[in-house]
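Chain naming here is simple, since letters A, B, ... match the order of the sequence lines and numbering starts at 1 in each.
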There are 2 protein chains.
Amino acid sequence: MNQDLQKERAAASFNPELLTHVLDGSPENTRRRREIENLILKDPDFQHEDLNFLSRSQRYEVAVRKSATMVEKMRKFNIADPAEIMWFKKLHLVNFVEPVGLNYSMFIPTLLNQGTTAQQEKWLLSSKGLEIIGTYAQTEMGHGTHLRGLETTATYDPETQEFILNSPTVTSIKWWPGGLGKTSNHAIVLAQLITQGKCYGLHAFIVPIRELGTHKPLPGITVGDIGPKFGYDEMDNGYLKMDNYRIPRENMLMKHAQVKPDGTYVKPLSNKLTYGTMVFIRSFLVGESARCLSKACTIAIRYSAVRHQSEITPGEPEPQILDYQTQQYKLFPLLATAYAFQFVGAYMKETYHRINEDISQGDLSELPELHALAAGLKAFTSWTTNTGIEACRMACGGHGYSHCSGLPNIYVNFTPTCTFEGENTVMMLQTARFLMKSYDQVHSGKLVCGMVSYLNDLPSQHIQPQQVAVWPTVVDINSPDSLTEAYKLRAARLVEIAAKNLQTEVIHRKSKEVAWNLTSVDLVQASEAHCHYVAVKLFSEKLLQIQEKSIQAVLRNLCLLYSLYGISRNAGDFLQGSIMTESQITQVNERIKELLTVIRPDAVALVDAFDFQDVTLGSVLGRYDGNVYENLFEWAKKSPLNKTEVHESYHKHLKSLQSKL
Amino acid sequence: MNQDLQKERAAASFNPELLTHVLDGSPENTRRRREIENLILKDPDFQHEDLNFLSRSQRYEVAVRKSATMVEKMRKFNIADPAEIMWFKKLHLVNFVEPVGLNYSMFIPTLLNQGTTAQQEKWLLSSKGLEIIGTYAQTEMGHGTHLRGLETTATYDPETQEFILNSPTVTSIKWWPGGLGKTSNHAIVLAQLITQGKCYGLHAFIVPIRELGTHKPLPGITVGDIGPKFGYDEMDNGYLKMDNYRIPRENMLMKHAQVKPDGTYVKPLSNKLTYGTMVFIRSFLVGESARCLSKACTIAIRYSAVRHQSEITPGEPEPQILDYQTQQYKLFPLLATAYAFQFVGAYMKETYHRINEDISQGDLSELPELHALAAGLKAFTSWTTNTGIEACRMACGGHGYSHCSGLPNIYVNFTPTCTFEGENTVMMLQTARFLMKSYDQVHSGKLVCGMVSYLNDLPSQHIQPQQVAVWPTVVDINSPDSLTEAYKLRAARLVEIAAKNLQTEVIHRKSKEVAWNLTSVDLVQASEAHCHYVAVKLFSEKLLQIQEKSIQAVLRNLCLLYSLYGISRNAGDFLQGSIMTESQITQVNERIKELLTVIRPDAVALVDAFDFQDVTLGSVLGRYDGNVYENLFEWAKKSPLNKTEVHESYHKHLKSLQSKL
């Protein structure tokens, strides 16, 4: 083993295996996860080639082949539980990009949720066997966030009992669906339903786009790949244009709404249930943020333990760069954040399942809060992770810029999380809408419950944003509970400010909507403060559940660092509300520096506890046993530019170049 | 022209042409710049193909071809002035990556600065004619920042009058030099000089690495490409390993230090002059930050004027996304920053030339401050630009993630600026060293001058970090001068805190070096505050030089926004020093929102004034006349995944996939 890493591991104050159990939820979960991972790691059918050396077309082909192997193996190994599927795919696909994936994650589930029994009978079996390969086409070139703005039409023709699908404008061309560019032969298309001369809004239709057998686009269909992107090289995100393209009436998914043969529209009973899928995906993305930030920290911290550079004391050997305070200040708050997000992710997963249970019992009371929380936390965690991955990459210096570090790939495949499944700013404003509703409720004399219950204290305190010393400033900077309280007060203050500014704008501008827009910067800040409070709260509550003393101690330091770092970076908020004094902020800054020193000896063990396999990290710099430089040299030699044929063609150029001068 | 952009341009309060003259320095500069740009735009020999659709090997070949055409044309058009060369290359190469570039930017200049007349006679002509293609090999796999740590050795053998070059370890392999991987046949290699049994430190040697004629690596040389990176696809950054590789004594560059035939070492007269090149490059990178952030703002603001989405008021047509306050809050502070950096870049260029003039007269007095300023501002502007480009990209939603936006390429080719030519944290600590020296100087009774002269006021004021109301809080948030004063006080306070913390650590720890490390987070913050003050000061001073009222008015608003946004984001610093009161911070936040509204009608004209050609932007979303969606569709059709041959191979996969299920 690498000597530096060996020393680091020997010096740790705790056994990382025990912390892994905490992160997985139980020792049994850890065992089962590793069992599944080993199915892949020990199977010769899985080749873990390095995609970095391939062109985009080659990467796409590898991904298709891997998708096929994966489907086959999951059947063979009988892996069906969603969490297990996730582990399996994570390890197998490294960055979780698979062209055939939408067939299983969107096409089949939508068919199950929105299709009648007859429709399921017709399409389910062949889509499970990949005779039909489906995707889900919603976003258009000109329309993403605003669903009502989608332009694609499905006009019912009672003469032939068909729908006529049209992309009436350039902006209406379907754009982005994964697997649409080359892979799929069917798509579930979202279109404005028009029947008997009236538009009934968005409905879902099963649309054959390529001929079975030849895989050629069907007449009336224009379909292809939307071109190269920042990342997701393996994914054929596609476009779809339809010109008077006819499908049978039976291709409209009719479990809820229906169009009768004569064109009569029958409306669905309830719209609320589609809510659930969005909440599920956003909750999942919170965990995804945690995983990606944990990966980035693993790579950057291991590399920082192995890399020696410059000098702290002249004449001594070059120290590990992890010994520089500036390096610790870059990485340890991110490590603490990764742990915070792991616990937030676990909480969101639990909460989703609990509330989903309630919903199936007909109790929808907690859905609005869950919806607001999932939206806000998706945005909050993905924004932080997004900048965090890049901070980890840049903390690896020059080698961080090379694909050998694995960090560029983690970043480019993670960053869309800030945009898809609800653009982050839009998400924050959804959370803000819930906060404003809760605020109004409290002010009309009703109590609110759940994570926003701190708002109940507001009216009795008559807080003025400018007012000094409203709250007793007895923050104990060494107590996670007390720090949670400070974050709560900050959130309450920013919610109050946003609410009052909104009221002022309403008075001045008359239109509520214009007022909302002119307060939206404040509203986003209120939501961020709310989410930050939730993260700090969940982390500090998690500490109470840990029995093992050594684990509790190390997590407590991370929790303190996470909370104090947030205070230091947002000191203005804590000072303005007189939540903390100037001298307390100075103490916070000093305490952070102490914590860096305290965490330093455990840093490598703390990332080991995330328990990523080398293949999953996809990094030469971050391997568990890092013979970094030897590995790096071997890796570089594989560069396609080192092939002889490229050399020959360059040499030709060189000669013509010289002859001109 | 696109209707939205047309309306925006018609509504602007000023003529962007006049602002372009301000940015270029004079109308004459603008004229000449455009003249040079048109040489390229109207020349059929220049093909502006879209590199996004090519593999890395193809991109490399295009870059080599372009390099050749460029060298040829610059001779033909007689372009020799460094600024003119820059315009020419910028437009031609879009992202300024050229494998042959190092021959002109590093190999030839080093030969001129460090080679004797005889050495210049021997190599200069053939390197200008590209018979010799040179690069500059300094960084090693294990060593970047710390030059003394470089391991490559050049041992003199008086018997044969040769130097024996060796890469004694894996970590000593030269790593990263541009053009080394495939393009060059010579390299200037930095190595530890050993003669008569003694090591004399780093010296430069001209090393032939590939055979002229065949371009094959010479015996004893192992050379190749270091593999794929985040960006710089067109550049063959390379590695070089030397095994007992012999070169004649005359290949050591001997203008300053020398090794006599018998092995006697003659040391150079002064070491200071190599300083100059570093300062020049870092000053240049400040301007580069300004240009890249300006590009990103141009794309994001034009797209935001053209993109319509969602609704502010229900029932009305979808508004331009530039009308959302959250979008303005993302983009306008960055626009203001881009202008600030343009002026900081111009100042650095001027100052460099002024001080260089002094140096050539033998006056080195201002060099330390220039060196500190270049280091700090390189880090300050590149960090801000780095996050700014990504903020612009994400502000373009989904399309920002596609290479059609041009933004991913701008980002990946800019981000190494944070690492190369001095890693940013290291740079900030160099600036801090100068600040600490200046602070000590003031405290020993001497006055300091230049940008740090505010430190002269510190001892008389006896500031205590905790002390309240030391300075009169009469900040006028509508006066750029008064805001500059506030930034000055913040910088003074943070320098003082860092200095005092450093003293405290010295007392506790005894070793100065350990104390420095344990204060380095404070030191970096002090440097950042100093650089921020310099940027605000230069922007507000620039306003005084503008005659034209309409231009002055619009720049004044940008200067206010830049200054106030910085205060809002760092409110803690301004509150803690009692530089501003809580109610003033609230006013700052309100004033920022007003300024967003004020700047809104001029936003498109403000980016037009940067005067980027469409080819230079490399963006479908940001074109001057943006028929965005039509262009986007045309662009996407060119995706290599849409070629028939790729379709066929996929179809084969599909069949085998189906047969398994």
For this session: Please determine if B:Lys330 and A:Glu423 form a salt bridge, counting it only when a charged side-chain N lies under 4.0 Å from a carboxylate O.
Result: yes
Exercise. Are B:Asp225 and A:Lys643 within salt-bridge range, i.e. N to O under 4.0 Å?
Worked result: no
Quick one: does any side-chain atom of [X] pair with a main-chain N or O of [Y] as donor and acceptor, under 3.5 Å?
{"X": "B:Ser405", "Y": "B:Gly400", "result": "yes"}
{"X": "A:Thr313", "Y": "A:Glu316", "result": "no"}
{"X": "B:Ser520", "Y": "B:Leu523", "result": "no"}
{"X": "A:Asn501", "Y": "A:Thr519", "result": "no"}
{"X": "A:Gln309", "Y": "B:Gly142", "result": "yes"}
{"X": "A:Gln325", "Y": "B:Leu518", "result": "yes"}
{"X": "B:Asn631", "Y": "B:Val620", "result": "no"}
{"X": "B:Glu513", "Y": "A:Pro314", "result": "no"}
{"X": "A:His143", "Y": "A:Gly149", "result": "yes"}
{"X": "B:Tyr401", "Y": "A:Val412", "result": "yes"}

Shorter than 4.5 Å, heavy atoms on both sides: which option in [options] has the most such pairs with chain B?
{"options": "A:Tyr324, A:Phe53, A:Trp176", "value": "A:Trp176"}
{"options": "A:Lys593, A:His146, A:His308", "value": "A:His146"}
{"options": "A:Glu590, A:Met428, A:Lys229, A:Met394", "value": "A:Lys229"}
{"options": "A:Ala636, A:Pro228, A:Gly213", "value": "A:Pro228"}
{"options": "A:Ile312, A:Val170, A:Thr139, A:Leu54", "value": "A:Ile312"}
{"options": "A:Arg307, A:Lys638, A:Arg56", "value": "A:Arg307"}

With a 4.5 Å cut-off on heavy-atom pairs, point out which of [options] contacts chain A the most.
{"options": "B:Gly144, B:Ser568, B:Ser55", "result": "B:Gly144"}
{"options": "B:Cys418, B:Gly224, B:Pro416", "result": "B:Pro416"}
{"options": "B:Leu429, B:Thr387, B:Ile585", "result": "B:Ile585"}
{"options": "B:Asp573, B:Asp522, B:Asn589", "result": "B:Asp522"}
{"options": "B:Thr169, B:Asn517, B:Leu147, B:Asn570", "result": "B:Asn517"}
{"options": "B:Tyr329, B:Phe230, B:Tyr239", "result": "B:Phe230"}

Side chain, backbone, both or neither: which part of [X] has a non-hydrogen atom closer than 4.5 Å to chain B?
{"X": "A:Glu318", "value": "side chain"}
{"X": "A:Tyr629", "value": "both"}
{"X": "A:Ile592", "value": "neither"}
{"X": "A:His399", "value": "both"}
{"X": "A:Gln328", "value": "neither"}
{"X": "A:Val524", "value": "side chain"}
{"X": "A:Gln327", "value": "neither"}
{"X": "A:Lys241", "value": "side chain"}
{"X": "A:Trp516", "value": "neither"}
{"X": "A:Thr183", "value": "both"}
{"X": "A:Val223", "value": "neither"}
{"X": "A:Lys512", "value": "neither"}
{"X": "A:Gln525", "value": "side chain"}
{"X": "A:Phe420", "value": "neither"}

For this session: Select one option (side chain, backbone, both, neither) describing which atoms of B:Tyr411 are under 4.5 Å from chain A's heavy atoms.
Result: side chain
Exercise. Contact part of B:Asn237 toward chain A, heavy-atom cut-off under 4.5 Å: side chain, backbone, both or neither?
Worked result: neither
Exercise. So does A:Glu630 have more than 12 non-hydrogen atoms from other groups sitting under 6.0 Å from CD?
Worked result: no
Problem set entry | Geometric cation-pi criterion A:Lys637 and A:Phe633, 6.0 Å radius, 45° cone | yes
Exercise. Can you find a side-chain donor-acceptor pair between B:Asn409 and B:Asn52 that sits under 3.5 Å?
Worked result: yes
Problem set entry | Distance-only polar pair, side chains of A:Ser310 and B:Arg148, donor-acceptor under 3.5 Å | no
